[in-house]
Number of protein chains: 2
Amino acid sequence: MTTTSPQGRTELLRPDGSPVRVLVVDDELSITELLSMALRYEGWQIRSAGDGTGAVQTAREFRPDAVVLDMMLPDMDGLAVLGRLRRELPDVPVLFLTAKDAVEDRIAGLTAGGDDYVTKPFSLEEVVARLRGLIRRSGAADRRSDSMLVVGDLTLDEDSHEVSRAGENIHLTATEFELLRFLMRNPRRVLSKAQILDRVWSYDFGGQANVVELYISYLRRKIDAGREPMIHTRRGAGYLIKPAAS
Amino acid sequence: MTTTSPQGRTELLRPDGSPVRVLVVDDELSITELLSMALRYEGWQIRSAGDGTGAVQTAREFRPDAVVLDMMLPDMDGLAVLGRLRRELPDVPVLFLTAKDAVEDRIAGLTAGGDDYVTKPFSLEEVVARLRGLIRRSGAADRRSDSMLVVGDLTLDEDSHEVSRAGENIHLTATEFELLRFLMRNPRRVLSKAQILDRVWSYDFGGQANVVELYISYLRRKIDAGREPMIHTRRGAGYLIKPAAS
DNA sequence: CTGGAACCTGTGATTTTCCTGAGAAACGCA
DNA sequence: TGCGTTTCTCAGGAAAATCACAGGTTCCAG
């Protein structure tokens, strides 16, 4: 089930209306805290664990709808944790966190059951988007929720990665896509450059803050070109997106 | 009966609308888990057993619509298990798992009765496809469900392995065929290279991830050559297939 | 009117990602 | 066994994406 909160954001809910439950497993405290904060902001209920043993225990009593699992844990191998988790919760989808260079060797077979993974360092938008996808497809949330974001005559499909305005297809790069997704998930709300950086760029990004300006500029060229603008600057505050009429 | 899920995937269902039931029998835990995951993702209901005795017991009360049976079990010979299964469930189709070098004539006789087999190491696409075929033909699922995948003017017949675009027949190798089938079973959805590897290549494949790029390249040469392309790259995300018009 | 802060955007270097030719190895079949 | 086919590795090159930098513009306060 999806509901629209008073702030205009769409939330995933379980069929009985209770919040989605997610278990986060990572040994780095900074990561679990970062993720917990971001996922709570989605309106989800979060528990975290720092090792495999704790993960299995917590899973047993918390019964999460999805698990975020680092492949590199101190006490046991990610695959071992996965096995035990599966025994407790056979149908729960898992989002794996892996180091960038470790991707190809140990991931084999993992995404086959509908699971997914992201590589460290990740962006929060990416994690949230993948989790939403997993939960949506697992059936823990109402199946009617679909993968389309719509603001005015602008649509974004999270499955096909297609974006169109007034029926016309628009090609976006990966970063542009994530930025637009973030804006569209928060329509009519001013998002500061800091917020955007924190969400759309990976957590270890060390570059200039004006990449945001740059990418806003790119988006405008593709989305607002020659049309009634939908992306607006709030000087000193940030940016927002809203339907053209109004 | 087939229904189309909100995600756009086609699911096999039993005539009464309940999910298809499959029993997986293998002594290697990693195999039963891999298969269980993948088959659950198809929307099927799965039970697994690690030996012949357990298989017969589970079959008795679970009444599966199909059985995946490893020929190499610790407690009894595959044939013995088959015999006892047949006593419980005379009409259930069986998909045998055999080692590559195992005697094939033994299997050949068995598959005459409508059963089928795949050799280890298998790809999940192959197992799923064969199971779907078995279930379809056994009549446990609605017979009207057919074996044709169609995307735009591109068609793929899962029974005859024939592929054609705009009426013109196209010859594909086995790997090309499985890759195209996977793409066509998920039209308009971006599939990552990891997903494709996990699904189309066998579970023990340890090679470079760029085989996917290579085979996409082969497919394009045969399917998109000189035509409006249907296979699209989403840089940094994966590949998708969709009808040419749109 | 003026100066400064905030924002916009053109240019181009760097990095990442993807494509594909060539050839080696494995396979299938006569 | 030998030959054609298929699968896969490797590596070079092309294309695309990302981002730093810097000069220009807009806005607002004083």
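Note on naming: letters A, B, ... go to the chains in the order of the sequence lines (proteins, then strands), and numbering restarts at 1 for each one.
- A rotation axis mapping the C1' atoms of four pairs onto the next four is fitted at both ends of the helix from dC1(C)-dG30(D) to dA30(C)-dT1(D) over five pairs, and the angle between these axes is 30° to 10 degrees.
- Applying the salt bridge (charged side-chain N to carboxylate O under 4.0 Å, His left out) criterion to E158(B), with sequence neighbours excluded, gives R181(B).
- Comparing T173(B) and A209(A) against DNA chain D, the residue whose closest nucleotide sits nearer the 5' end is T173(B).
- The shortest side-chain heavy-atom distance between M184(A) and M230(A) does not fall under the 4.5 Å cut-off.
- You can see that DNA chain D meets the heavy atoms of chain B within a 4.0 Å-exclusive cut from dT6(D) to dA17(D), reading 5' to 3'.
- Every residue meeting the salt bridge (charged side-chain N to carboxylate O under 4.0 Å, His left out) condition with K120(A), not counting sequence neighbours, appears here in chain and number order: D26(A), E28(A), D70(A).
- Less than 4.0 Å separates DNA chain D from no heavy atom of any residue of residues 155-164 of chain B.
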Heavy atoms under 4.0 Å is the rule here; annotate nucleotides 14-20 of chain C 5' to 3' with B where the base is hit, S where only the sugar-phosphate is, and - elsewhere. ---BSBB

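- E228(B) pairs by the salt bridge (charged side-chain N to carboxylate O under 4.0 Å, His left out) definition with nothing, not counting sequence neighbours.
- Taking atom CD1 of I231(A) as the reference point, atom P of dT9(C) lies 11 Å away to the nearest angstrom.
- With sequence neighbours excluded, the residues forming a salt bridge (charged side-chain N to carboxylate O under 4.0 Å, His left out) with D115(B) are R86(B), listed by chain and number.
- Remark: the backbone N or O of A112(A) is paired with a side-chain donor or acceptor of R199(B) at under 3.5 angstrom.
- Taking the side chain to side chain donor-acceptor pair (under 3.5 Å) definition, one finds that S30(B) meets it with nothing, sequence neighbours left out.
- Qualifying side chain to side chain donor-acceptor pair (under 3.5 Å) partners for T32(A), counting only residues two or more places apart in sequence or in other chains: none.
- One can place CD of Q208(A) at 15 Å from C1' of dC7(C), the figure rounded to the nearest angstrom.
- Side-chain contact annotation: R234(A) with S192(A), donor-acceptor N/O pair under 3.5 Å absent.
- Nucleic acid contact class of F177(A) (heavy atoms, under 4.0 Å, all strands): none.
- If you run side chain to side chain contact (heavy atoms under 4.5 Å, CB included) between L219(B) and each of V163(B), L179(B), I170(B), only L179(B) comes through.
- Checked for salt-bridge contact, D159(B) and R137(B) meet the test: a charged N lies under 4.0 Å from a carboxylate O.
- With sequence neighbours left out, R40(A) forms a side chain to side chain donor-acceptor pair (under 3.5 Å) with no residue at all.
- Among residues two or more places apart in sequence or in another chain, the side chain to side chain donor-acceptor pair (under 3.5 Å) test is passed with D153(A) by R165(A).
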